[in-house]
2 protein chains.
Amino acid sequence: MPFKSIQPDRRRLADEVYDELIEAIINRDIGLEDILVQEKLASEMKISRTPVREALMRLAQEGVLEVSNRGSFKLYRMGDGEVKELYQSRAAVEGQCARILAVRHTAEDISILRRTVEREENLTDQTVRTYFEANRNIHRTFVELAQNRFLLDMFNMIWGKAQVFPLFAKIEQIDLSQSLGDHMRLVDVIERGDRIEALETFTNHIQDGFDLQMQGIHAS
Amino acid sequence: MPFKSIQPDRRRLADEVYDELIEAIINRDIGLEDILVQEKLASEMKISRTPVREALMRLAQEGVLEVSNRGSFKLYRMGDGEVKELYQSRAAVEGQCARILAVRHTAEDISILRRTVEREENLTDQTVRTYFEANRNIHRTFVELAQNRFLLDMFNMIWGKAQVFPLFAKIEQIDLSQSLGDHMRLVDVIERGDRIEALETFTNHIQDGFDLQMQGIHAS
DNA sequence: CATTTGAATACTGTATACAGTATACATTAA
DNA sequence: TTAATGTATACTGTATACAGTATTCAAATG
């Protein structure tokens with residue numbers, strides 16, 4: 001019997017709400033001053049408060065939202081200091097992945113990386129969002145190949161927070177291609193196999209991304 | 001008016017449930033085969049399913065529990081491979097903190113670290129749990145001093161998972177003091193200020209902890 | 001006796017009802 | 001007019017009710 005489960009993971013309403021909220025945040029439908037009221041969201045989506053509440057709490061646990069007043073939620077506002085901390089934590093996670101990959105990588109790994117970089121650096125349009133996603137996809141490929149689910153979880157958490165943030169930057173004001181063009185060098189350093197050099201190179205690359213980010217913020 | 005807020009952070013039932021479940025897991029009241037049924041837990045604790053459900057989902061999101069069958073939860077069972085991954089992620093987080101501290105630490109930081117190591121290495125009793133907690137407190141001090149809330153979050157997540165796991169090891173079978181005695185060297189390397197040496201030393205220290213852990217597991 | 005079918009059970013997901021509390025607003029007293 | 005106090009409102013946290021579905025077990029059928 002070759003049939004497989006129809007619903008691999010039963011999708012609950014809370015998941016839908018979660019996705020919709022993320023989408024709304026990215027699209028700036030939810031702003032920094034908005035207070036997310038369970039009843040309002042529920043009635044807008046024509047469902048009950050329960051799944052809304054669940055989604056809100058998940059987002060809060062992930063650090064996308066924070067508790068406002070008496071248990072209400074609002075967008076988490078990152079300051080410059082925290083952006084720096086976020087990039088430091090990126091360096092921790094992705095640097096370690098680079099280290100792992102430098103020590104044990106297959107020829108197949110390298111070829112996957114090369115192909116991914118080539119594909120993703122070929123942007124269809126020049127919006128901040130496509131740039132963000134291309135960049136994320138490239139970096140995620142490194143992490144996935146390192147085959148460590150905890151590091152991957154951390155990666156997703158960091159980039160989940162990041163995604164609600166960087167859209168402040170305006171595409172006209174910074175040269176995004178500057179950062180994108182750099183990725184093939186990262187593959188090279190992994191292929192070379194020196195774990196310390198790999199970690200340093202990744203750390204520097206991420207530091208550059210941070211500088212670019214800060215330029216973008218302070219220009220606007 | 002010298003009065004301070006009575007309830008600094010309103011504590012909800014879900015928080016209590018969360019703590020009770022963690023406690024129960026550590027005490028082995030909840031085993032690997034047990035299926036956590038919302039109604040049963042709720043009636044045992046004489047509360048409704050809602051806060052129980054909330055606590056369960058939080059634990060699942062943190063990776064302590066996993067979805068069993070049709071949304072039920074059970075303990076997440078770690079295999080040897082995952083333990084290794086967990087230690088790799090520890091090295092990522094704590095190695096980066098060491099790096100940060102190596103670059104910018106104050107004399108005060110060093111003295112705090114020295115005092116913490118001295119205090120915590122002085123175990124009151126020789127159980128796996130006290131060893132575990134002393135070790136965690138020492139390592140957490142490094143992370144706290146690095147002043148990066150994301151790295152601290154990751155640290156807590158990793159050690160939260162760890163705490164449901166390592167108690168398999170039996171105190172008689174491994175020499176725990178072997179690992180504990182090593183911490184003062186970590187402070188030294190940070191004081192020396194070489195960020196690459198600091199990271200490498202931490203990574204090696206954590207690797208040693210992993211080896212010790214594996215010994216403990218396979219002896220039992 | 002083995003296999004299928006149907007009904008009871010068990011449990012989750014969602015909706016709703018209820019209680020408690022903080023906030024805002026109005027009303028009253030100085 | 002301002003400060004204090006009472007009251008209505010708004011919103012969360014918790015309980016409960018209800019619906020749907022997977023699982024189990026028993027009965028029926030070959």
K.L.:
Listed by chain and number, what are the side chain to side chain donor-acceptor pair (under 3.5 Å) partners of B:Ser111, not counting sequence neighbours?
P.N.:
B:Arg115
K.L.:
Under 4.0 Å from any atom of DNA chain D, heavy atoms only: list the residues of residues 40-50 of chain B that qualify, in numerical order.
P.N.:
B:Ile47, B:Ser48, B:Arg49, B:Thr50
K.L.:
One thing to verify: whether B:Arg149 and A:Glu85 come together as a salt bridge, which I'm taking to mean a side-chain N less than 4.0 angstrom from a carboxylate O.
P.N.:
yes
K.L.:
List in chain and number order the residues that pass side chain to side chain contact (heavy atoms under 4.5 Å, CB included) with B:Ile110, two or more places apart in sequence or in another chain; answer none if no residue qualifies.
P.N.:
B:His105, B:Arg114, B:Val187, B:Ile190, B:Glu191
K.L.:
Could you state the CZ-C1' distance from A:Arg53 to C:dG13, rounded to the nearest angstrom?
P.N.:
15 Å
K.L.:
B:Leu56 has an atom CG; how far is it from atom C1' of C:dC11, in whole Å?
P.N.:
13 Å
K.L.:
How is A:Ile35 classified with respect to the nucleic acid when contacts are heavy atoms under 4.0 Å: base, sugar-phosphate, or nothing?
P.N.:
nothing
K.L.:
Distance check needed: C:dT12 C1' versus A:Arg11 CZ, whole Å only.
P.N.:
18 Å
K.L.:
By ring pair (Phe, Tyr, Trp, His ring centres under 6.0 Å), which residues pair with B:Phe73, not counting sequence neighbours?
P.N.:
none
K.L.:
Expressed as a whole number of angstroms, how long is the span from B:Lys74:NZ to C:dC11:P?
P.N.:
16 Å
K.L.:
Mind checking what makes side chain to side chain donor-acceptor pair (under 3.5 Å) contact with A:Asp34, not counting sequence neighbours?
P.N.:
none
K.L.:
How would you list, by chain and number, every residue that makes a side chain to side chain donor-acceptor pair (under 3.5 Å) with A:Glu20, sequence neighbours excluded?
P.N.:
none
K.L.:
Write down the distance between CG (A:Asp34) and P (D:dC11), rounded to a whole number of angstrom.
P.N.:
13 Å
K.L.:
Using atom CZ of A:Arg12 as one end and atom C1' of D:dG20 as the other, report the distance to the nearest whole Å.
P.N.:
15 Å
K.L.:
Grab the CD-C1' distance between B:Glu54 and C:dT12 for me, whole Å please.
P.N.:
17 Å
K.L.:
Just the rounded figure in Å: distance from P of D:dG13 to CD of A:Gln38.
P.N.:
6 Å
